[in-house]
There are 2 protein chains.
Amino acid sequence: MADERQTRTEKLAGEIADAIINGSLEPGTRLDEHMLAARYGTSRTPVREALRKLATTGLIELRPRRGAIVAEVTSQQLETLFVAMGELEATCARLSALSMTPIERRRLGALYDSMADMVARDDVEAYAAANSNFHTLFYAGSHNPVLAEMTATLRRRLAPFRHAQFRAPGRLALSHAEHGAVMRAVLTGDASAAHAAMLHHVSLVEDAFEQLATPPAARWQAN
Amino acid sequence: MADERQTRTEKLAGEIADAIINGSLEPGTRLDEHMLAARYGTSRTPVREALRKLATTGLIELRPRRGAIVAEVTSQQLETLFVAMGELEATCARLSALSMTPIERRRLGALYDSMADMVARDDVEAYAAANSNFHTLFYAGSHNPVLAEMTATLRRRLAPFRHAQFRAPGRLALSHAEHGAVMRAVLTGDASAAHAAMLHHVSLVEDAFEQLATPPAARWQAN
DNA sequence: GATTCAAAAATTGCATGCACAATATTGTCC
DNA sequence: GGACAATATTGTGCATGCAATTTTTGAATC
């Protein structure tokens, strides 16, 4: 209940996106309009509109006259997505170095410090949540809503493939060290260093994924 | 007639987008579903779906229960869009420096050379078309379809505001000189120089726009 | 003349139904 | 037994209709 201000279409888009991101709808799954309408207790109309919205984010694939499926991502496409994500994150860091306000800089430093404790306690859960906030600070810090939204969209699209991100041993400490490099560059206003440090950081996330996680899609079409 | 393979929704989205880009639908115009359905000879259903698709690209603004309007862009939002565009173009140039194939590099050089003639003849029409191709080469040259599509989408979204881009005296020669800087950096594989040169180039485009063109939206909400 | 409020009109959100395209199934021939 | 064609079935694309919300209109009041 609560806020009944959003339309059924929007609510549906959110729920289906969540189902995809948390893995309960696996890549390749056919998204039958009747089935979804029945499952969520609406008619096909809002379902169709929600599917079209999700298609633009890349979470699902819409084939004219042939229905929708949860996007199957080949390892090559995943590589492409990670590279694009890295470039956008790096750009956000670059702009953050140039335009973060003193308050934003202080907040960034405070979050970074608090994450040191989580590393010390080896608290993966808390660190993962804080990590998400840490990156979000740069989206906002770019002071460019257009760029911020693009980056956030890409992040959501990659979410299904990052579940095991911090499981690798020592990954927490490494991540925190890289965060430190990014943060220092941003705080000193060194734009190109911030860009480079963030790019490096996100590349390593990609590597960690490839070494460790078996993404849902890879089961179907690896190589 | 011809290719009746695409759905009415897709065709509609294209036609409405064109109408916005070429200026026949001005920012702020209300997009009444009944009106559009009548104008294009369909029912409201495909119109609604087309509008939702356009909304995701930012060309129109969709206010729940309150209809759609052609996006009104404040000068501040326009600034944001141009910055984001510049960063993405610069990123494409950066990646192009790293990953263009010899064939792509040769094609880039050939196009650049051919544009010198257009500058000499002061052929604004031809130069504008070639300029579009020039930038598109970097989208493809990034070898990252995700990034390329994002950049192209932003370019389309800014298209309504760039009509008078090359009208300013001397702008053609200046543009060509900047293209030269970008091209040389890419051809020599200097990624950060390519990034910087493209950023510089696109910033100047933005300046040219601000000095010269009065965008449709600025009539309504400048300051 | 401006402001407030209520009723009317307009417009969106959603449901439902039908036609056609795509897919699955069955049957026939080699 | 396998390939192919005809048929049945499923599912999407689109049209239409109704209910609810928003916007407009008009009068009454300050």
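In the text below, chain A, chain B and the rest are named by the order of the sequence lines, each starting its count at 1.
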Could you list the protein-to-nucleotides 7-11 of chain C atom pairs, N/O on both sides, closer than 3.5 Å?
{"residue": "dT11(C)", "atom": "O5'", "partner": "D32(B)", "partner atom": "OD1", "Å": "3.3"}

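- The side chain of R65(B) contributes no N or O atom lying less than 4.0 Å from OP1 or OP2 of dG13(C).
- In this entry the distance linking CZ of R63(B) with P of dT21(D) reads 18 Å, nearest Å.
- Every residue meeting the ring pair (Phe, Tyr, Trp, His ring centres under 6.0 Å) condition with F134(A), not counting sequence neighbours, appears here in chain and number order: F138(A), H179(A).
- Going from atom CZ of R44(B) over to atom P of dC14(C) covers 11 Å, rounded to whole Å.
- Side chain of S132(B) to main chain of A128(B): no donor-acceptor pair is present (N/O by atom type, distance under 3.5 Å, no hydrogens or angles).
- Taking CE of M198(B) as the start and CG of L88(B) as the end, the distance is 11.5 Å to the nearest 0.5 Å.
- Screening residues 131-148 of chain A for salt bridge (charged side-chain N to carboxylate O under 4.0 Å, His left out) gives no qualifying pairs among residues at least two apart or on separate chains.
- Rounding to whole angstrom units, CD of residue Q6(A) and P of dT21(D) are separated by 15 Å.
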Residues T151(A), E89(A); criterion side-chain contact (heavy atoms from CB on, under 4.5 Å); working and verdict: CA-CA 7 Å; T151(A) 314; E89(A) 293 248 1; 4.0 Å; yes
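- Residues L78(A) and V73(A) come closest through the heavy atom pair N-CG1, 3.6 Å.
- The end-to-end axis angle of the helix from dG1(C)-dC30(D) to dC30(C)-dG1(D), rounded to 10 degrees and based on five pairs per end, is 20°.
- T80(A) and Q77(A) are not linked by any side-chain donor-acceptor pair at a separation below 3.5 angstrom, with hydrogens and angles left out of the test.
- Taking atom CZ on R8(B) and atom P on dG13(D), their separation rounds to 12 Å, with Å as the unit.
- Taking only side-chain nitrogens and oxygens, T9(B) comes nearer than 4.0 Å to OP1 or OP2 of dC14(D).
- R157(B) and L59(B) get closest at one heavy-atom pair: CA-CD2, 4.2 Å.
- No hydrogens or angles were tested; on distance alone, nothing pairs the side chain of R48(A) with the base of dG11(D) as donor and acceptor under 3.5 Å.
- Within the 4.0 Å cut-off from OP1 or OP2 of dC14(C), not a single side-chain nitrogen or oxygen of T45(A) is found.
- Side chain of E178(A) to main chain of S175(A): no donor-acceptor pair is present (N/O by atom type, distance under 3.5 Å, no hydrogens or angles).
- Between E49(A) atom CD and dG13(C) atom P the separation is 7 Å, expressed in whole Å.
- Residues in residues 92-109 of chain A take part in these salt bridge (charged side-chain N to carboxylate O under 4.0 Å, His left out) pairs, two or more places apart or across chains: R94(A)-E87(B).
- To the nearest 0.5 Å, the span separating NZ on K53(B) from CD1 on I60(B) amounts to 12.0 Å.
- Near-neighbour residues of DNA chain C inside residues 52-62 of chain B, defined by a heavy atom below 4.0 Å, number-ordered: R52(B).
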